[in-house]
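Note sheet for the following structure.
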There are 2 protein chains.
Amino acid sequence: MSDCDTCVVRNRAICSALVPDELAALGKLGRKQMVSRGQTLVWEGDESLVVANVIQGVLKLSVSTQDGREQIVGVVFPSDFIGRPFGKESPYGVTALTDAEVCIFTRTAFDGFAKEHPDLQHKLLQRTLDELDRARQWMMLLGRKTASERIATLLIEISDRLGAAGCSPIAPFLEKFELPMDRQQMGDLLGLTIETVSRQLTKLKEAEIIELPDRRSVVIKDRRRLENIATAA
Amino acid sequence: MSDCDTCVVRNRAICSALVPDELAALGKLGRKQMVSRGQTLVWEGDESLVVANVIQGVLKLSVSTQDGREQIVGVVFPSDFIGRPFGKESPYGVTALTDAEVCIFTRTAFDGFAKEHPDLQHKLLQRTLDELDRARQWMMLLGRKTASERIATLLIEISDRLGAAGCSPIAPFLEKFELPMDRQQMGDLLGLTIETVSRQLTKLKEAEIIELPDRRSVVIKDRRRLENIATAA
DNA sequence: CGGCGAGTTGAACGTAATCAATTGTCGTGG
DNA sequence: CCACGACAATTGATTACGTTCAACTCGCCG
């Protein structure tokens with residue numbers, strides 16, 4: 001069972017809908033688990049056997065074609081919920097982009113618990129609605145934005161979400177951060193190739209909008225201009 | 001108020017979660033409304049004031065950039081739910097693609113009712129999860145599929161969803177149907193231009209996979225081959 | 001120091017976009 | 001009923017953006 005009392009995401013994850021003794025009951029159903037970078041938690045097409053909360057780290061949700069093309073359809077950060085509750089097979093795989101820690105439940109146990117806790121379901125519904133909005137924004141990016149707009153949008157998005165995931169109450173976003181993915185994964189998320197990602201990053205660097213101290217780090221030097229590029233004015 | 005007893009979608013819409021007197025109570029909050037083709041029910045960015053069930057017709061959810069590019073991020077059919085419950089502004093506009101009829105609620109009235117009816121919320125959650133899965137599949141299309149794969153996927157999808165929306169218990173899909181949108185809207189949904197849509201349809205016609213009796217009709221002559229193209233083997 | 005994987009850079013290519021002209025369809029009024 | 005105009009769709013020619021293929025660089029660990 002999980003020790004919810006000391007969980008770092010207990011106030012932000014869906015668990016925050018519960019009163020202490022409900023939380024204790026849920027905790028009994030879950031267990032904390034480490035997932036190392038590259039490890040796959042759920043395979044695309046498999047029956048949905050588990051759901052989880054992300055405690056730390058970043059994971060991707062991805063879909064593949066038979067001939068090997070991949071599209072990342074979601075990225076989850078600490079306090080986000082993973083999985084497909086209430087039956088069905090998982091239409092996407094879940095793989096750790098960084099070493100991560102999750103609080104994992106069997107789907108059936110979680111489903112049963114959720115059915116009897118409307119507040120939990122309500123939180124889950126709100127999260128799912130938010131996730132849907134985010135997915136739709138990303139559809140705009142994939143369908144209509146140019147390569148440079150896509151890269152700029154991604155950098156803003158990661159900066160924002162890492163800022164929100166961090167516990168700092170003041171920073172709504174980060175101006176320096178570590179990319180939780182490599183170039184290939186950026187391409188899979190943006191619908192671009194690795195080469196195009198690289199070229200666009202170089203262009204932003206040469207325009208002095210960002211710096212790239214090393215291959216995983218980004219410094220946003222001119223957020224205003226980056227946002228202008230991202231929103232495709 | 002709406003006359004739920006005779007509503008054609010009462011067994012498929014989220015209302016099916018309710019027992020008769022609950023249904024009557026919800027019916028008092030809603031009213032049926034006609035929406036004619038092209039009419040916009042909700043504007044992108046506006047505060048989310050209403051939600052609704054689709055009774056008949058087809059509507060689009062769409063997002064635009066400042067410079068006028070548009071991406072359709074969802075298409076709703078009879079029995080589907082429209083809107084963004086529980087606060088927030090609507091991140092997309094809702095516009096009728098065909099003449100339509102909806103059962104409309106003010107958001108606050110619906111939210112209040114939903115809070116006290118966990119079964120309704122549960123149905124809504126399931127629908128939202130399904131919608132999210134569909135959005136993610138579409139992200140794969142937008143990010144990684146070629147023009148011909150996109151067109152084939154769209155035709156299959158419309159065939160399936162019109163089949164499911166129709167009341168025929170035997171037809172899982174239709175082999176002849178009316179497109180609920182014009183070429184421009186197909187492009188906005190697929191992330192393509194109008195010209196590319198037209199060319200790809202012509203190619204499918206010349207390959208004798210489909211027929212195009214008139215500009216709004218499609219006959220699928222060889223569904224197997226169409227599916228092969230769609231799934232990007 | 002050597003070798004490997006990730007990333008960058010370059011050159012050629014190809015798919016879909018853009019620009020432009022034509023055809024087709026529908027609704028209206030003569 | 002047909003002629004007309006407006007708009008939707010198709011078709012063609014050209015362009016451009018991102019992909020593909022290929023060579024090279026960098027950083028890291030043995």
Side-chain angles (χ1 to χ4, degrees), chain A residues 37-38 60 65 67-71 97-98 140-155 178-207 210-219 229 232, chain B residues 36-38 60 65 67-72 97-99 141-155 178-207 210-219 229 232:
Chain A
R37 176 194 289 192
K60 68 170 180 178
T65 55
D67 64 349
R69 283 172 279 174
E70 176 168 336
Q71 177 67 45
L97 291 173
T98 66
M140 156 56 81
L141 177 146
L142 292 171
R144 293 303 190 195
K145 287 191 180 180
T146 63
S148 54
E149 290 164 357
R150 293 183 199 203
I151 290 282
T153 306
L154 176 63
L155 296 179
E178 292 258 300
L179 292 169
M181 62 190 80
D182 61 27
R183 299 290 186 268
Q184 179 63 57
Q185 290 158 344
M186 292 173 75
D188 291 341
L189 185 51
L190 296 172
L192 297 172
T193 59
I194 198 172
E195 294 95 332
T196 302
V197 170
S198 181
R199 279 187 250 269
Q200 295 297 334
L201 285 172
T202 304
K203 272 177 59 184
L204 288 175
K205 186 177 65 179
E206 283 171 351
I210 62 169
E211 277 173 17
L212 301 167
D214 64 77
R215 59 169 111 180
R216 287 251 166 189
S217 304
V218 176
V219 180
I229 295 171
Chain B
S36 49
R37 176 194 291 193
K60 68 171 180 177
T65 54
D67 63 349
R69 282 171 280 174
E70 176 167 334
Q71 177 66 46
I72 296 179
L97 290 173
T98 66
D99 288 342
L141 176 146
L142 293 171
R144 293 303 189 195
K145 287 191 180 179
T146 63
S148 54
E149 290 164 357
R150 294 184 199 202
I151 291 283
T153 306
L154 176 64
L155 295 179
E178 293 257 300
L179 291 168
M181 62 189 79
D182 61 27
R183 300 289 186 269
Q184 179 63 57
Q185 289 158 344
M186 292 173 75
D188 291 341
L189 185 51
L190 297 171
L192 298 173
T193 59
I194 198 172
E195 294 95 331
T196 301
V197 170
S198 180
R199 278 185 250 268
Q200 295 297 333
L201 285 173
T202 305
K203 271 177 60 184
L204 289 175
K205 187 177 65 182
E206 284 171 350
I210 62 169
E211 276 173 15
L212 302 167
D214 63 78
R215 59 169 123 185
R216 287 252 165 189
S217 304
V218 177
V219 180
I229 295 171

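First the proteins, then the strands, lettered A, B, ... as listed; each starts at 1.
One can place CD of A:Glu206 at 11 Å from C1' of C:dT8, the figure rounded to the nearest angstrom. Protein atom CG of B:Leu212 is 14 Å distant from nucleotide atom C1' of C:dG24, rounded to whole Å. Between the C1' atom of C:dG7 and the CG atom of A:Leu201 lies a distance of 10 Å, rounded to the nearest Å. Protein atom CG of B:Leu190 is 18 Å distant from nucleotide atom P of C:dT15, rounded to whole Å. With rounding to whole Å, A:Leu142 atom CG is found 19 Å from D:dC17 atom P. Here the C1' atom of nucleotide D:dA9 and the NZ atom of B:Lys205 are 10 Å apart, to the nearest Å. Here the P atom of nucleotide C:dG27 and the CG atom of B:Asp214 are 12 Å apart, to the nearest Å. The distance between atom CZ of B:Arg37 and atom C1' of C:dC26, rounded to the nearest whole Å, is 12 Å.
With distances taken from any side-chain atom of A:Arg215 to the nucleotides C:dG7, C:dG24, D:dT11, the minimum falls on C:dG7.
The CG atom of B:Leu192 sits 11.0 Å away from atom CD of B:Gln184, with the distance rounded to the nearest 0.5 Å. Put simply, CD1 on B:Ile72 and CG on B:Leu97 are 6.0 Å apart, with the number rounded to the nearest 0.5 Å. Taken to the nearest 0.5 Å, the CG atom of B:Leu154 stands 5.5 Å off from the CE atom of B:Met181. Here CD of A:Glu149 is found 10.0 Å from CD of A:Gln200. Values are rounded to the nearest 0.5 Å.
Residues satisfying the side chain to side chain donor-acceptor pair (under 3.5 Å) test with A:Arg183, not counting sequence neighbours, are none. Checked against side chain to side chain donor-acceptor pair (under 3.5 Å), A:Thr196 has the following partners two or more places apart in sequence or in another chain: A:Thr193. Every side chain to side chain contact (heavy atoms under 4.5 Å, CB included) that B:Arg216 has, sequence neighbours left out, goes to B:Arg37, B:Glu178, B:Asp182, B:Asp214. Among residues two or more places apart in sequence or in another chain, the side chain to side chain contact (heavy atoms under 4.5 Å, CB included) test is passed with A:Thr65 by A:Asp67, A:Arg69, B:Met140, B:Ala232. For A:Thr153, the side chain to side chain donor-acceptor pair (under 3.5 Å) partners are A:Lys145, not counting sequence neighbours. With sequence neighbours excluded, no residue forms a side chain to side chain donor-acceptor pair (under 3.5 Å) with B:Arg199.
Looking at residues 180-188 of chain B, you'll see that no heavy atom sits under 4.0 Å from any atom of DNA chain C.
Direction change of the helix axis from one end of the helix from C:dC1-D:dG30 to C:dG30-D:dC1 to the other is 20°, with five pairs defining each end axis (rounded to 10°).
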For a quick check, with a 4.0 angstrom heavy-atom cut-off, what is the B/S/- contact string for nucleotides 18-25 of chain D, read 5' to 3'? SBBB----
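Residue pairs meeting the salt bridge (charged side-chain N to carboxylate O under 4.0 Å, His left out) criterion with at least one member in residues 186-197 of chain A, sequence neighbours excluded, are A:Asp188-B:Arg144.
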